[in-house]
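Here is the structure we will look at.
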Amino acid sequence: MITDNHGGRIPMINKHVFVALIAVLVLASSAGFAEEPKELTVFAAASLTGAFGEIGQMFENETNISVVINFDGSQALRTQIENGAYADVFASANKKQMNAVKSSELMNNSSIVIFTKNKLSLIIPKDNPAKIGNLSDLAKPGLKIVMGTKDVPVGDYAMQIISKLGNDSSYGPDYKTKVLANVISQETNVNYVVTKVALGEADVGFAYVSDVTEEMAGKVDKIAIPDEY
């Protein structure tokens with residue numbers, strides 16, 4: 001089982017490393033079986049859709065093993081596993097959901113590894129109709145903000161950032177209250193957040209920097225969130 005984790009700057013992903021990691025996990029999960037697996041079932045956080053989609057295809061080409069990937073919010077994937085759904089690999093977007101599955105003794109705990117790190121940013125529509133330029137603008141009256149639910153890693157991280165900003169005197173005593181008053185929607189996975197911003201249904205959203213893919217780069221822009229938050 002593998003998990004990604006919040007913090008630090010996201011590096012360029014070495015896809016061959018990913019393939020190697022998945023190959024090791026396949027071998028671990030198939031130990032004791034006479035035949036090689038014909039299919040690999042991967043439960044992966046929605047934020048990994050682009051990377052794991054490509055990696056899955058590479059793995060199929062190199063091994064002739066079919067890869068079936070279930071993308072969803074990490075909390076939803078955790079619930080599916082707890083309710084009996086089968087997965088060879090679980091790639092979570094935070095430690096919280098991974099540790100819950102670990103505590104339930106539903107996986108090989110020795111196989112857990114942090115394979116990469118990600119970082120949150122603000123995302124805005126390309127034309128930026130709300131004229132958002134920095135974190136202070138999130139408190140502007142009437143702004144439409146979209147984020148993940150508190151149970152989704154991307155939503156949990158966003159709330160941590162908003163709380164830290166609220167404790168920073170430079171943003172004013174009512175900053176957190178004003179920002180949360182502008183939240184119009186809380187989504188169950190980060191892909192929904194990105195889609196709503198790209199379609200102009202929200203002025204700004206909290207997403208991972210990796211979610212602004214080549215496809216989305218023509219529809220949304222990023223505003224960096226300083227590392228101290």
Side-chain angles (χ1 to χ4, degrees), residues 4-10 45-49 71-79 92-97 100 117-213 215-229:
D4 66 348
N5 187 34
H6 175 65
R9 298 186 180 277
I10 185 167
S47 56
L48 297 170
T49 299
F71 293 110
D72 209 334
S74 298
Q75 83 295 342
L77 298 173
R78 164 198 165 185
T79 299
S92 173
N94 69 355
K95 290 181 180 179
K96 179 180 178 181
Q97 307 303 333
K117 295 181 180 181
N118 214 335
K119 179 179 171 63
L120 251 62
S121 72
L122 299 181
I123 59 170
I124 55 176
K126 202 71 176 177
D127 58 353
N128 193 14
K131 306 303 179 187
I132 298 168
N134 53 53
L135 292 166
S136 297
D137 291 337
L138 296 180
K140 293 195 303 187
L143 198 71
K144 295 182 290 184
I145 300 173
V146 62
M147 57 189 291
T149 67
K150 62 181 178 61
D151 296 322
V152 184
V154 70
D156 183 28
Y157 294 143
M159 282 302 303
Q160 292 179 41
I161 290 169
I162 292 169
S163 294
K164 289 179 181 178
L165 291 167
N167 291 329
D168 186 334
S169 59
S170 63
Y171 287 91
D174 300 324
Y175 179 82
K176 180 178 178 179
T177 300
K178 290 178 179 178
V179 172
L180 294 180
N182 286 335
V183 176
I184 62 166
S185 179
Q186 292 180 293
E187 305 298 327
T188 56
N189 77 56
V190 70
N191 288 347
Y192 298 152
V193 173
V194 177
T195 298
K196 285 200 169 186
V197 174
L199 292 174
E201 296 176 10
D203 298 314
V204 60
F206 287 87
Y208 299 109
V209 295
S210 61
D211 290 314
V212 183
T213 59
E215 177 185 357
M216 283 295 173
K219 301 176 182 178
V220 301
D221 280 325
K222 294 179 289 188
I223 297 177
I225 297 174
D227 289 342
E228 59 263 33
Y229 300 115

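All heavy atoms count here, side chains included; hydrogens, waters and symmetry mates do not. Please read these numbers as outputs of a predicted model, since none were measured by experiment.
- The shortest distance between side-chain heavy atoms of Q75 and P153 falls below 4.5 Å.
- Here the shortest heavy-atom pairing between V204 and I124 reads CG2-CG2, 3.9 Å.
- For the pair D227 and K119, the salt-bridge criterion is met [side-chain N within less than 4.0 Å of a carboxylate O].
- Using modelled atom types, one side-chain atom of N134 and one backbone atom of D137 make a donor-acceptor pair closer than 3.5 Å.
- Smallest separation of non-hydrogen atoms from V193 and G205: CG1-CA, 4.2 Å.
- Between the CD1 atom in I161 and the CD atom in E228 there is a gap of 11.0 Å [rounded to 0.5 Å].
- E187 places a side-chain heavy atom less than 4.5 Å from the side chain of V146.
- The neighbour count for K140 NZ, taken as heavy atoms of other residues, nucleotides or ligands under 6.0 Å away, is above 12.
- Contact between K144 and G200 at its shortest, heavy atoms only, is NZ-O, 4.5 Å.
- Counting heavy atoms from C-beta outward, K176 and S163 have side chains that approach closer than 4.5 Å.
- At a threshold of 4.5 Å between non-hydrogen side-chain atoms, the residues M147 and I162 count as touching.
- Here the closest non-hydrogen pair linking K164 and Y229 is CD-O, 3.6 Å.
- The one candidate from L135, L180, D168 that meets the side-chain contact (heavy atoms from CB on, under 4.5 Å) condition with Y175 is L135.
- For the pair F206 and A158, the tightest heavy-atom approach, listed with the atom from each and the gap, is CG-CB, 3.7 Å.
- The shortest side-chain heavy-atom distance between N182 and L138 does not fall under the 4.5 Å cut-off.
- Residues satisfying the ring pair (Phe, Tyr, Trp, His ring centres under 6.0 Å) criterion with Y192, sequence neighbours excluded, are absent altogether.
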V179/I145 under side-chain contact (heavy atoms from CB on, under 4.5 Å): CA gap, chis, key distance, verdict: CA-CA 8 Å; V179 172; I145 300 173; 3.9 Å; yes

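- Between atom CD1 of residue I225 and atom CG of residue L165 there is a gap of 7.5 Å, rounded to the nearest 0.5 Å.
- A donor-acceptor contact shorter than 3.5 Å links the side chain of N128 to the backbone of I132.
- For D151, there are no salt bridge (Lys or Arg N to Asp or Glu O under 4.0 Å) partners at least two apart in sequence or on another chain.
- Rounding to the nearest 0.5 Å places CG of L120 at 8.5 Å from OH of Y157.
- Shown here for A93 and S74, the closest heavy-atom pair between the two residues is N-OG, 2.9 Å.
- Here the CG atom belonging to N118 is positioned 8.0 Å from the CG atom belonging to L48, to the nearest 0.5 angstrom.
- Between I123 and D211, every side-chain heavy-atom pair lies at or beyond the 4.5 Å cut-off.
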